[in-house]
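Only a predicted model underlies this, so the values are computations on that prediction, with no experimental measurement involved.
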Amino acid sequence: MSEPRIDQRILFVKEGSAKYISHLDLMHTMERAFLRGGITIRHTAGFHPHPYVSIPLPLPLGFSSQCELMEFGLEAGCTREALPERMNQVLPAGIRVLDCYDAARPFRELASVRYALTWEFAGDLAQGAAEAFRDLTTRDHFVVQKKSKKAKSGFTEVDLIPAIQKVEALRPLGDKLELTLLLQAQNPGLSPAVLLQGFQGAWPQFAPVFTAAHRLEVLDGAGKVFR
């Protein structure tokens with residue numbers, strides 16, 4: 001009997017101009033990096049095989065991250081230890097592989113994502129926005145509509161409150177509000193974009209003119225960094 005296949009996982013950074021690369025284009029970028037780096041990875045079976053690569057929790061366009069994960073099957077051309085340097089030689093600016101290791105845990109164990117957010121306003125509104133956000137998080141429910149491909153209407157209702165697991169920092173600084181939040185990762189996950197949509201829908205006077213979102217960590221159900 002053959003031993004079960006062990007897939008590999010990389011931890012990588014997506015920042016700078018690379019944050020404007022869409023999820024689909026990111027998948028193609030990674031596939032080309034394997035090819036250009038002389039790294040052979042597992043392909044799907046069938047008449048039209050394609051590289052097996054999987055990225056959980058796709059990063060929304062315009063978001064940056066220091067904790068992105070991608071799973072694949074390493075077959076030949078490189079060791080796990082040498083893979084980060086090999087890929088970094090051919091990846092575009094803003095995408096950098098930090099580590100490669102065997103995938104020991106399923107992605108379904110991903111429970112939380114820690115985000116650093118910046119909301120910038122047209123004026124000295126950050127203090128008022130911070131107070132409004134505190135009000136939001138003290139409510140029993142805060143339901144918003146978000147786009148859904150599965151719903152016939154194209155939208156589904158989501159309660160933000162259970163998905164905001166923790167407000168770790170809320171810093172009003174003149175025309176900027178800096179937030180560090182722990183949000184539910186999946187089933188259902190909460191994107192900072194949906195959170196902002198709900199916030200500015202209830203408090204339109206605090207609609208920001210500029211926003212930034214950066215993923216800091218992905219965590220398991222015990223609050224430990226997921227690997």
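- Contact detail for Gly73 and Tyr52: the closest heavy-atom pair is N-CD2, 4.0 Å.
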Step by step, would you call Arg9 with Asp99 a salt bridge (charged side-chain N to carboxylate O under 4.0 Å, His left out)? CA-CA 8 Å; Arg9 204 169 277 166; Asp99 195 12; over 6 Å; no

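- Using a distance-only test at 3.5 Å, with no hydrogens or angles considered, no donor-acceptor pair links the side chain of Glu68 to the main chain of Phe12.
- Hydrophobic cluster membership differs between Leu59 and Met87, with clusters built from Ile, Leu, Val, Met, Phe, Trp and Tyr side chains linked at under 4.5 angstrom.
- Judged purely by atom type and a 3.5 angstrom limit, Lys14 uses its side chain to pair as donor or acceptor with the backbone of Ile21.
- Atom CD of Glu75 sits in a crowded spot, with more than 12 heavy atoms from other residues, nucleotides or ligands closer than 6.0 Å.
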Start with the C-alpha gap between Phe72 and Asp7, add the side-chain angles, then the distance that decides, and say whether side-chain contact (heavy atoms from CB on, under 4.5 Å) holds. CA-CA 6 Å; Phe72 58 97; Asp7 289 327; over 6 Å; no

Just do the side-chain contact (heavy atoms from CB on, under 4.5 Å) check on Val158 and Val143 with the steps written out, would you? CA-CA 5 Å; Val158 125; Val143 178; over 6 Å; no

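- Note: the hydrophobic cluster containing Trp203 also contains Leu125 (ILVMFWY, side chain heavy atoms under 4.5 Å, direct or indirect links).
- Tyr115 is not listed as a side-chain neighbour of His214, based on a closest heavy-atom distance of 4.5 Å or more.
- With rounding to the nearest 0.5 angstrom, the CD atom of Glu71 is 8.5 Å from the CZ atom of Arg42.
- Between the side chains of Ser112 and Gln165, at least one donor N or O sits under 3.5 Å from an acceptor N or O.
- Note that the CD atom of Glu109 and the CD atom of Gln186 stand 10.0 Å from one another [nearest 0.5 Å].
- Looking at Gln127, its side chain never comes within 3.5 Å of a backbone N or O of Glu131 through a donor-acceptor pair.
- Nearest heavy-atom pair, Phe121 versus Ala129, reported as atom, atom and distance to 0.1 Å: CZ-CB, 3.5 Å.
- Annotation: side chain of Phe133 is in contact with side chain of Leu179 (closest heavy-atom distance under 4.5 Å).
- Of the inter-residue distances, the one linking Phe226 atom CZ with Leu11 atom CG reads 11.5 Å to the nearest 0.5 angstrom.
- Note: Phe206 and Phe199 have parallel aromatic rings, judged against thresholds of 30 and 60 degrees for the angle between ring planes.
- Using a distance-only test at 3.5 Å, with no hydrogens or angles considered, a donor-acceptor pair links the side chain of Gln197 to the main chain of Gln145.
- Neither Ile55 nor Leu216 shares a network with the other; the hydrophobic side chains, linked directly or stepwise wherever heavy atoms of I, L, V, M, F, W or Y lie under 4.5 Å apart, form separate groups for each.
- The shortest heavy-atom contact between Asp175 and Gly123 is CB-O, 3.1 Å.
- Under a 3.5 Å cut-off, the side chain of Gln8 and the backbone N or O of Ile41 do not form any donor-acceptor pair.
- The cationic group of Arg215 does not satisfy the cation-pi geometry with Phe63, failing either the under 6.0 Å distance to the six-membered ring centre or the 45° limit from the ring axis.
- With a 6.0 Å radius and a threshold of 12 heavy atoms from other residues, nucleotides or ligands, Tyr20 has its OH atom at or below the threshold.
- The NE2 atom of His23 lies 7.0 Å from the CG atom of Leu26; values are rounded to the nearest 0.5 Å.
- Residues Asn88 and Glu85 are not in side-chain contact: their nearest non-hydrogen atoms beyond the backbone lie 4.5 Å or more apart.
- Leu182 and Leu195 sit in two unconnected hydrophobic clusters of ILVMFWY residues. Membership requires side-chain heavy atoms under 4.5 Å apart, directly or through other members.
- Leu74 is listed as a side-chain neighbour of Ile39, based on a closest heavy-atom distance under 4.5 Å.
- Shortest non-hydrogen contact noted between Val113 and Ala185 is CG2-CB, 3.8 Å.
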Verify side-chain contact (heavy atoms from CB on, under 4.5 Å) between Ile164 and Gln184, making sure each step is shown before the conclusion. CA-CA 6 Å; Ile164 303 173; Gln184 188 164 295; over 6 Å; no

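- We find the NZ-CZ distance between Lys166 and Arg114 to be 7.5 Å, quoted to the nearest 0.5 Å.
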Stepwise side-chain contact (heavy atoms from CB on, under 4.5 Å) test for Leu91 and Arg96: CA-CA 7 Å; Leu91 281 168; Arg96 187 173 75 262; over 6 Å; no

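- Using a 4.5 Å heavy-atom cutoff, the side chains of Leu117 and Thr211 are not in contact.
- With contacts defined as side-chain heavy-atom distances shorter than 4.5 Å, the pair Ser65/Val13 does not qualify.
- Counting only heavy atoms from C-beta outward, the side chains of Gln66 and Glu217 never approach each other to under 4.5 Å.
- Follow the hydrophobic side-chain contacts under 4.5 Å out from Phe107 and you reach Tyr101 in the same cluster.
- Residue Arg36 places its CZ atom among 12 or fewer non-hydrogen atoms of other residues, nucleotides or ligands, all under 6.0 Å distant.
- A donor-acceptor pair is defined here as one N or O able to donate and one able to accept, closer than 3.5 Å; such a pair exists between the side chain of Asp159 and the backbone of Ile161.
- Side-chain atoms of Asp220 and Leu110, non-hydrogen and from C-beta on, never get closer than 4.5 Å to each other.
- Across all non-hydrogen atoms, the minimal contact from Arg86 to Gly77 is NH1-O, 3.1 Å.
- For the atom pair CD (Glu120) and CG (Leu173), the distance works out to 11.0 Å, reported to the nearest 0.5 Å.
- Summarising the geometry of Ala202 relative to Phe142, their closest heavy-atom pair is CB-CZ, 3.6 Å, with the distance given to 0.1 Å.
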